Structures are given as structure tokens and as C-alpha cells.
J.: 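Below is the structure I would like to discuss, written out as C-alpha cells.
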Amino acid sequence: MSLLDLSEQEILRRESLKEMQAMGIDPYPAAEYVVTDYSTNIKSEFSDDAPRKEVSVAGRIMSRRIMGKASFLELQDSKGRIQVYISRDDLCPDENKDMYNVVFKKLLDIGDFVGINGYVFRTQMGEISVHAAKMTVLGKSLRPLPIVKYKDGVAYDKFEDPELRYRQRYVDLLVNDGIKEKFLKRATIIRTLRSILDEAGYTEVETPILQSIAGGATARPFITHFNALDQDMYMRIATELYLKRLIVGGFEGVYEIGKNFRNEGMDRTHNPEFTCIELYVQYKDYNWMMNFTEKMLERICIAVNGKPEVKVGDNVISYKAPFPRVPILDAIKEKSGFDCEGKSEEEIREFCKSKGMDVDETMGRGKLIDELFGEFAEGSYIQPTFIIDYPVEMSPLTKMHRSKAGLTERFELMVNGKELANAYSELNDPLDQEQRFVDQMKLADKGDDEAMVIDQDFLRALQYGMPPTSGIGMGIDRLVMVMTGELAIQEVLLFPQMKPEKVQTKDPVSKYTALGIAEEWVPVIQKAGVLTVEQMKEVNPNKFQQDICGLNKKFNLGLSNPTKEEVAEWISKI
RNA sequence: GACUCAGUAGCUCAGCUGGUAGAGCAACAGACUCUUAAUCUGUGGGUCCAGGGUUCGAUCCCCUGCUGGGUCACCA
């Protein structure tokens, strides 16, 4: 990288780095730096009456207030910030004041890592601080950090451009208050979930992500290629079919927490890769699963928020069990006034059309009912609600209802107007399952590109016999959203999917030297905006010559300027 | 994918009917021994997203593209 590619501030930081090295200070030392205390415990354990406490802390310099021979800096460690007081003569008790005057005041910058040895005290303004006796450079930062300041809860110069925040999450985590806490909460949610399932005696397992049949859900998969077999593979869209194979294999209960991949859109509630938990337990049914789920969510909410409620947008959501159970056809009837019970596919389609909904001939009865629910009911279930007893057409892996014809033992859990979980009494009749797959194929032939394909090995497993089983799948990212009150999935994913950053292509140096251009002029030419020799054809030779000579002068490069004739000759050779 | 809004200094943002740009913070030089959005004085810093077009002249107007936000569609 040429100096010309860097901003003024980046060049200065690199010069400071070199100067430090010239003074014998390693800006990136290898040795362990022993930390005795964190910002948080220093403040919580401080007592004005106690004897002086010596501490060793380390972190990033996040602000500096320099006043001649004394300075304050804010050090940010993994838990928070602590103020450090540096007095020149305490840091440098002998004649040589370089550590303060040169290293600290000139060569260190906001964003650099330092270790501080000293004692804890309270300043005249009342802030608990560390009085520095020794400072160790632990890491130099070469890029200036956005400076976000807070006073009385108001943020100044916020770093809030979503593109920059998501692409450079490390910066977001560093400078914005509360971001790291959000991800600590996410970790708490997953940890609590895992302990609940482990305590219940279920086994955490891992199943293939690369699959030759992407089954277990209706979604478009990502396709990838396996070179050794010269065969396309799919990224999984669900873990369901593999986990049920394990129930066939005799586990009491199995669960997997992992990523699924769906080749669909991206928006505030969808990311192409997202984390799911799926759980399958033998000898249970969907009623048991509802009871288990509502207790689990109540416990998770308390673990994260200290109480079974959380504010999401304008709503306060209560996870206090039990949650209401509403049959889907009742929900549609209540919200739309239309009773699907006993109606034919054609009658339902006509009703949808009369309401101006975008439906077509490829949609079967199940899909139409699903559309009706989405149109009229889904958004209105803010408080956790189990929507139960879905039509068989939209539930190819679900056991038929024990008493209601045409319906299945399935529930979806709605929270804040969105689906959070989906669960069934699992279909374990292998012949019925085969027929359901065949029906799905018919839907696929009709044009439904999300209908399921037949997984023969899964059918073979069912034919060996699967005990009655209840299973559930839950989106962890959405769970985190409704447990922390976030409205965008990007806010609960550390690295949400973004389009790749565009990199400008530059020609290699050799293509320029082939025209008789000296190597040291190449970065200058590229700085002038001519990134490829091809682009040089387009330029006005006189203006171009002035531009690059101007850059030579401006950046003090000390190169000998080419004449107009020489520049014209370069261009003529292209 | 459609519509819509936006892209200006490292960050947050101004910029008048079109005359090649400003502020605060950050940076640099200096003053200051308990400050805390430190303050004070001075200085430097820009491909105004990119490429075309209109014009004597474009950050500004028009077209195309790129990137992002919002809304809708798709997607349980």
C-alpha cells in the first residue's frame, strides 16, 4: 500500500509508530500483560477510607484531556471505562520526561492500547480514577476511531450509519454504548436455553449442514459444489429430518442449535443465514410441547430481563405462562369474518380475491389458509399466543389431529405479530408420510417451487419405526429480538449479511512500467484517479502531467517531474 | 424485484435561483497540574459516491450505475 492511499491521520499514526520503534518501544509487545483489575470492580470496590489499592489495568485510550503536566484519559477495557490520571512527574520521576512528553502526548492516539500500573483514588470532581505510575504501550491503532461522546444520556457525534455499523461491527461495539451488552444478552439467552434442555435430559447433537436433499422445511436452498464427488450439494434449510432419524435411533430427546440457510430475501426480519434451535422428544405430543415452551420462554425472559416482561417497540410483552391457544381457523374467522371450515379450495380462493389478495392457481388449500392468516391475523398477536391445528395441506410432516378431521396437531407461536416457533406432534406413520411427500410433489408440479422433495432415506428410517414424538423449531435471532426489544434482525446478529464491498480494480505496476513509466510514479498516477492503463487513454496529457506533478509537490515525494512530451509518449504506447 | 429518500473532511452534519465548499468533534502546533462533550489561540485536511449529459460554468439540474435507509412485494 502506498502512502498516497492513506488519509493524513493514518499517515501520522504510522509515523508515530515508527518513531516509537526508533525510541526502542515495541508498539506490539509479545509478553503477557498481567491485569489485576477491571474498570467495573475498581469502581464498585472503592472506598474513600480504605488504604491505597495498587492495580494494573489495560485497555484502549478512548479520550484524552491534556493540561500541560497533567492529563486524564479514559481507558476502555472489556467491561467498561475507567479514568486514568497521569501526572508528568509521577510517570517520569527522573530527568527524562519522554514517556510523558513524547510517548503519551505525541505518539499515542485515541484507540491505542496501553497498560497502566498505579493506585486508585478519587479526583476533586469525585470520579474514581487510577493514578498512573507506569504506562506500557500494548498496541498501536493505525486508523482514527469515530469519537462518540455522551453527556447526560445525550450522545454527540454518534456513529450510526447502519452500513458502517454492520460492516465494521468491531467499531460499532467499541464506540457505541449498549451494543456489546446486547450480544451478552444474546449469549445469556442461548446459555439459558441450553441449560433448560440439558437439565431436562436431552442431548445436544450436530447434524450435516451440507446435504444432498435440503429437507424439513419449505424454502429455497443455497446450492454449493462438492469437488471430490463432483456433485452439487445444498446448505441445509432445517435440521428436522436428521434429528428425527436420531429419535428413530433411540435418543430420549435431541436438540441442535445451529445455522440454517435460506436463499430468500433480506430485510428487518430475515437474514439468509439464521440460527435455529430444533428439539425432538419421544413419547410427547404438541400439548406437552406447548407447556414446555411457555415455561422455557418465561424462564429465558427472567434470565435476560430479571422479570417475565420486556418492552418491544410500543408494546410490553409478557412471557408469563400459560399462553392462550387459538385454532388457526378460529383466528381467521375472528379477524376476517370468513369461516374456512368445510369450504373448498375454490371458495377460499374466491374469498381471497374478493379481498384483493394476490393469490393464484398454484396455491393449494393449505397455502391459501396460510395467506389468509398472514393477511388478517398474524400481525395482531402481540402477546405470546399459540396458533394451533393447521390444515394438513400446509403441514406435510405433522400427525393428523386426534379428533378434528382435515387438521393436524401443529402449533405456531406468535409473538409481537411474528412467528417465533413452529411445532408438531410429529408424523410417524411411514405410509402416510410417503403419501404426504407425494402430495407435495404434486404441488411442486403445479408450480410451488418451495414444495418438499421426497427424502427416501428419511422414509426408510420411519419404516424402522419412530416412537410418538413432539418436535419444535424456533428462530434464535427472532427469539433474541423479542427478548431484548430489538426491531431489526441486523441488530441481534454480529455480522448480518451485506452485499460485498466493491473493490476498485487497479492494474499491477508492471503494466505501467511496460509503458516506460518509472515504478515510483505508479502510485501517484493511481492517486490521480487513473487506476488502469486503459483509463490513461482517456486523459488529457497536459492536464494529467500537471495533476501528477502537483501530487508530487503536495506530498513532498521528491520525484523528478516528467515532461509533457514524456507523458504524451506513455499515452501513445498504450 | 418495485417505489422512495440519501451518499459532502476520520466522525456527525450545513451548503441560498447553478459561480469548484463550511461548522463541531477528531488531527497538527502552542498555553494550562484534579479534568470529564475540558477550555483557549493558531494551522492543515475534500475525486462533494461513480460515469455521462445540459451549461461559459455543476456538490446543486437531467440520465445511468453503485451503496445504504425506509415502504411494499417475495419469504411461515
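Proteins come first, then strands; the chains are lettered A, B, ... in the order of their sequence lines, and each starts at number 1. In this text the structure is predicted, and so the values were computed from the model without any measurement.
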J.: When you compare B/G57 with B/G24, how far apart are their P atoms, in angstrom units rounded to a whole number?
T.: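 The answer is 35 Å between these two P atoms.
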J.: Using the C1' atom on both, measure B/G46 against B/U39 and round to a whole Å.
T.: 28 Å
J.: Mind checking ring-ring contact (aromatic ring centres under 6.0 Å, His included) for A/F411 and listing every partner two or more places apart, or none if nothing turns up?
T.: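 Here the qualifying residues are A/F386.
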J.: Using the P atom as the reference point in each nucleotide, state the distance between B/G1 and B/U8 in Å, no decimals.
T.: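 That atom pair is separated by 24 Å.
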J.: Do A/N260 and A/E273 come within less than 4.5 Å of each other through their side chains, counting heavy atoms only?
T.: no
J.: Using Watson-Crick or G-U wobble geometry with both distances below 3.5 Å, tell me the partner of B/U64, or none.
T.: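 WC or wobble partner is B/A50.
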J.: A/D477: what forms a side-chain contact (heavy atoms from CB on, under 4.5 Å) with it, not counting sequence neighbours?
T.: A/R186, A/F274, A/T275, A/I489, A/V492, A/L493
J.: Mind checking whether A/I472 and A/N422 have side chains closer than 4.5 Å, heavy atoms only?
T.: no
J.: Roughly how far, to the nearest 0.5 Å, is the NE2 atom of A/H270 from the CD atom of A/Q490?
T.: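 These two atoms lie 11.0 Å from each other.
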J.: What about A/D267, does its side chain sit under 3.5 Å from the base of B/C74 through a donor-acceptor pair?
T.: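 Indeed there is one.
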J.: Residues in ring-ring contact (aromatic ring centres under 6.0 Å, His included) with A/F104, at least two apart?
T.: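 Scan of A/F104 (ring-ring contact (aromatic ring centres under 6.0 Å, His included), adjacent residues dropped) gives A/Y100.
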J.: Rounding to a whole Å, what distance do you find between A/M266:CE and B/U71:C1'?
T.: 17 Å
J.: Partner lookup for B/C34, please. Criteria are Watson-Crick or G-U wobble with both distances under 3.5 angstrom; report none if nothing qualifies.
T.: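 For B/C34, the partner nucleotide comes out as none, under the 3.5 Å rule.
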J.: For B/C13 and B/C49, measure between their P atoms and round to the nearest Å.
T.: 15 Å
J.: Starting the side chain at C-beta, find the nucleotide from B/G68, B/A27, B/C74 nearest to A/D109.
T.: B/A27
J.: For A/F72, give me all partners under ring-ring contact (aromatic ring centres under 6.0 Å, His included), at least two apart in sequence or on another chain.
T.: A/Y85
J.: Just how far, in rounded Å, is P of B/C28 from CZ of A/R14?
T.: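 Between P of B/C28 and CZ of A/R14: 16 Å.
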J.: Quick one: on RNA chain B, does A/D370 or A/E375 contact a more 5' nucleotide (nearest heavy atom)?
T.: A/E375
J.: Using the P atom as the point on both nucleotides, what is the distance between B/C48 and B/C3, in whole Å?
T.: 29 Å
J.: For A/Q9 and A/V148, find the nucleotide of RNA chain B closest to each by heavy atoms; which residue's nucleotide sits nearer the 5' end?
T.: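 Of the two residues, A/V148 wins.
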J.: Please work out if A/R165 contacts a base, only the sugar-phosphate, or nothing of the nucleic acid, heavy-atom cut-off 4.0 Å.
T.: nothing
J.: Base, sugar-phosphate, or nothing for A/R262, non-hydrogen atoms under 4.0 angstrom?
T.: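 No contact.
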J.: Could you tell me which non-hydrogen atom of A/R60 sits nearest to which non-hydrogen atom of A/L174, and how far apart they are?
T.: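 So the minimum-distance heavy-atom pair works out to NE-CD2, 3.3 Å.
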J.: Given atom CD of A/Q168 and atom P of B/G68, what is their separation to the nearest angstrom?
T.: 14 Å
J.: Please state how far atom CG in A/L12 lies from atom P in B/C28, giving the value in whole angstrom units.
T.: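 So the CG-P distance, A/L12 to B/C28, works out to 6 Å.
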J.: Look through every strand shown and name the nucleotide pairing with B/C11 as Watson-Crick or G-U wobble, where both distances are under 3.5 Å.
T.: B/G24
J.: If I pick the P atom on B/A26 and the same atom on B/U12, what distance separates them, to the nearest angstrom?
T.: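 Here B/U12 and B/A26 have their P atoms 15 Å from each other.
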J.: Just the rounded figure in Å: distance from C1' of B/C75 to CZ of A/F373.
T.: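 From A/F373 CZ to B/C75 C1': 16 Å.
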J.: Distance check, C1' atoms only: B/G22 and B/A9, in whole angstrom units.
T.: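 Straight-line distance between the two C1' atoms is 10 Å.
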J.: Could you identify the nucleotide paired to B/U17, looking across every strand shown and requiring Watson-Crick or G-U wobble geometry with both distances under 3.5 Å?
T.: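 Partner of B/U17: none found under 3.5 Å.
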J.: Sugar-phosphate atoms are those with a prime plus P, OP1 and OP2; base atoms are the rest. Using that split, label each nucleotide of nucleotides 30-41 of chain B B, S or - for protein heavy atoms under 4.0 Å, 5' to 3'.
T.: --BBBBBBB---
J.: For B/A29, which nucleotide in any strand shown is its Watson-Crick or wobble partner with both distances under 3.5 Å?
T.: B/U41
J.: From CD of A/E10 over to P of B/A26, roughly how many Å is that when rounded to an integer?
T.: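 Value for this atom pair: 18 Å.
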J.: Please list, chain by chain and in numerical order, all residues satisfying ring-ring contact (aromatic ring centres under 6.0 Å, His included) with A/F351, sequence neighbours excluded.
T.: A/F338
J.: Distance check, C1' atoms only: B/A27 and B/U64, in whole angstrom units.
T.: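 Comparing C1' positions in B/A27 and B/U64 gives a spacing of 38 Å.
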J.: Is there a Watson-Crick or G-U wobble partner for B/C3 with both distances under 3.5 Å, and if so, which one is it?
T.: B/G70
J.: A/I11 has an atom CD1; how far is it from atom P of B/A26, in whole Å?
T.: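 Nearest whole value for this atom pair: 21 Å.
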